[in-house]
Each structure stands twice: as structure tokens, then as C-alpha cells.
Amino acid sequence: MKTCIIASPLGYTQICGDENGIATVTILNSEEKITESIPQELQNCVMQLKAYFKGDRKIFDVKLNPRGTNFQKKVWKQLEQIPYGKHISYLELSKQLGDVKAIRAVANANGKNPIWLIVPCHRVIGSDGSLTGYAGGLHRKQWLLNHESTNKQQSLF
């Protein structure tokens with residue numbers, strides 16, 4: 001498994017993967033040394049993440065290879081269907097997966113998503129519009145939702 005660390009507006013971002021795809025993208029809570037030479041297997045992912053943060057990319061097309069249960073992978077696959085700039089509730093996600101009673105299991109799987117940003121777990125919010133749960137911290141979830149908002153505040157000056 002190859003690993004690299006890049007700087008992002010959300011903090012140091014660690015990317016892990018190999019020729020089979022990206023296994024993890026995680027925002028770290030500590031200062032880390034930025035990788036000088038990005039492994040070839042991770043270069044496309046790094047390029048797409050940088051473009052996303054610049055506002056030049058809305059859809060990722062990197063090969064993914066997350067580790068998880070079949071149920072978790074089903075939830076993560078459904079998360080990929082949430083369009084850029086949109087959000088849904090955990091209840092709605094459960095309905096899309098065909099079992100409204102599985103809301104807690106769906107929320108738990110969402111919280112275990114190992115490929116932050118690319119698999120957009122940040123686009124899932126509470127039914128009341130609240131920013132419930134985000135492994136990277138609610139401040140990062142808010143930043144991501146603001147970054148993807150189509151109603152960005154325009155500067156007058």
C-alpha cells in the first residue's frame with residue numbers, strides 16, 4: 001500500500017492506495033510532513049483532490065478500493081450518487097437503500113467511510129438540516145458544504 005500526504009484547506013490529507021485503487025483519504029488532525037514524491041498509483045487522486053479544492057472539479061473519477069463489509073460498501077456506493085452541491089438526510093439515504101428502519105446502520109456505515117471527500121459522506125445531514133456527525137469534525141463538514149454550495153456569497157469589493 002502506497003501512502004502520501006498533501007496539504008489541503010482542511011489540513012494535512014493522507015491518501016493510501018495501490019494499483020487496485022484508493023483505499024483511504026483522511027484529513028489528519030496533526031501537522032505532518034508533506035510527501036515530496038507522490039507514488040504513481042496516487043498521482044491521479046492527488047491531482048483530482050487539488051482541482052476539487054480549487055473549485056475546478058465536481059466529480060471524481062479515481063478507482064476506489066475501500067475495505068469494509070458488504071453493507072458498508074453498499075452505503076458508500078450510494079453516497080457517490082449524491083450530486084455535488086446537494087445534500088440528503090440519513091433518513092433519505094436509508095430510503096434510497098430500501099430500508100428506512102436501517103437508519104442507524106446506514107449512519108454508522110456513513111461514519112466509517114474511509115474515503116472522505118471522494119465518497120461524499122459530508123453531504124449527509126440530519127432530517128432537521130443539522131450537521132450531525134462527521135469523523136473529520138463538524139467544522140470541516142461545514143467547510144465542505146460551503147465549498148460546494150451553489151449559493152456562495154459574492155464579494156461586493
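For the single chain, residues carry numbers from 1 onward in sequence order. Values in this document were obtained by computation on a predicted structure and should not be read as measured data.
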Counting distance only, does the side-chain N/O of [X] pair as donor-acceptor with the main-chain N or O of [Y] below 3.5 Å?
| X | Y | result |
| --- | --- | --- |
| Gln142 | His139 | no |
| Asn113 | Pro120 | no |
| Ser8 | Gly11 | yes |
| Gln43 | Ile38 | yes |
| Thr35 | Ile5 | yes |
| Arg140 | Leu10 | yes |

Contacts table for residues 86-97: side-chain donor-acceptor under 3.5 angstrom, sequence neighbours left out:
unit_1, atom_1, unit_2, atom_2, d
Ser89, OG, Leu91, N, 3.4
Ser89, OG, Glu92, N, 2.9
Tyr90, OH, Thr132, O, 3.1
Ser94, OG, Tyr90, O, 3.0
Gln96, OE1, Gln78, NE2, 3.0

Heavy atoms only: give me the nearest [X]-[Y] pair and the separation to one decimal.
| X | Y | answer |
| --- | --- | --- |
| Trp143 | Pro9 | CZ2-CB, 3.6 Å |
| Ile6 | Ile34 | CA-CG2, 4.4 Å |
| Pro66 | Trp76 | CB-CZ3, 3.8 Å |
| Leu145 | His122 | CD2-O, 3.5 Å |
| Arg123 | Ile82 | NH1-O, 2.7 Å |
| Thr3 | Pro39 | O-CG, 4.0 Å |

With the side chain counted from C-beta on, respond yes when [X] and [Y] share a heavy-atom pair under 4.5 Å apart, and no when they do not.
| X | Y | answer |
| --- | --- | --- |
| Ile118 | Leu49 | yes |
| Thr26 | Thr13 | no |
| Gln72 | Asn110 | no |

Would a hydrophobic clustering, with Ile, Leu, Val, Met, Phe, Trp and Tyr connected at side-chain separations under 4.5 Å, put [X] with [Y]?
| X | Y | value |
| --- | --- | --- |
| Val25 | Met1 | no |
| Phe53 | Ile115 | yes |
| Trp116 | Tyr12 | no |
| Leu28 | Leu144 | no |
| Leu79 | Val100 | yes |

Practice problem: May I ask you to check whether over 12 heavy atoms, not counting those of Asp61, lie within 6.0 Å of atom CG? | Solution: yes
Quiz prompt | Pairing of Lys54 and Asp56 as salt bridge, 4.0 angstrom limit | solution =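 Judged by the 4.0 Å cut-off on N to carboxylate O distance, Lys54 and Asp56 do form a salt bridge.
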Quiz item: Does the distance from a Lys or Arg side-chain N to an Asp or Glu carboxylate O, for Glu148 and Lys58, drop under 4.0 Å?
Solution: no
Exercise. Please test Ile22 against Cys16 for side-chain contact (heavy atoms from CB on, under 4.5 Å), starting from the C-alpha separation and ending with a verdict.
Key: CA-CA 6 Å; Ile22 300 301; Cys16 299; over 6 Å; no
Self-check item: Euclidean distance, Glu19 CD relative to Lys63 NZ, rounded to 0.5 Å
Solution: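 That separation rounds to 8.0 Å.
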Self-check item: Atom pair OG/CD of Ser30 and Gln14 - distance to nearest 0.5 Å
Solution: 9.0 Å
Quiz item: Mind checking whether His147 and Tyr84 have parallel, tilted or perpendicular rings, split at 30° and 60°?
Solution: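 His147 vs Tyr84 ring planes: perpendicular.
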Quiz item: Going through the checks in order, is the side-chain contact (heavy atoms from CB on, under 4.5 Å) test met by Glu80 and Lys77?
Solution: CA-CA 5 Å; Glu80 292 180 63; Lys77 191 54 108 174; 3.6 Å; yes
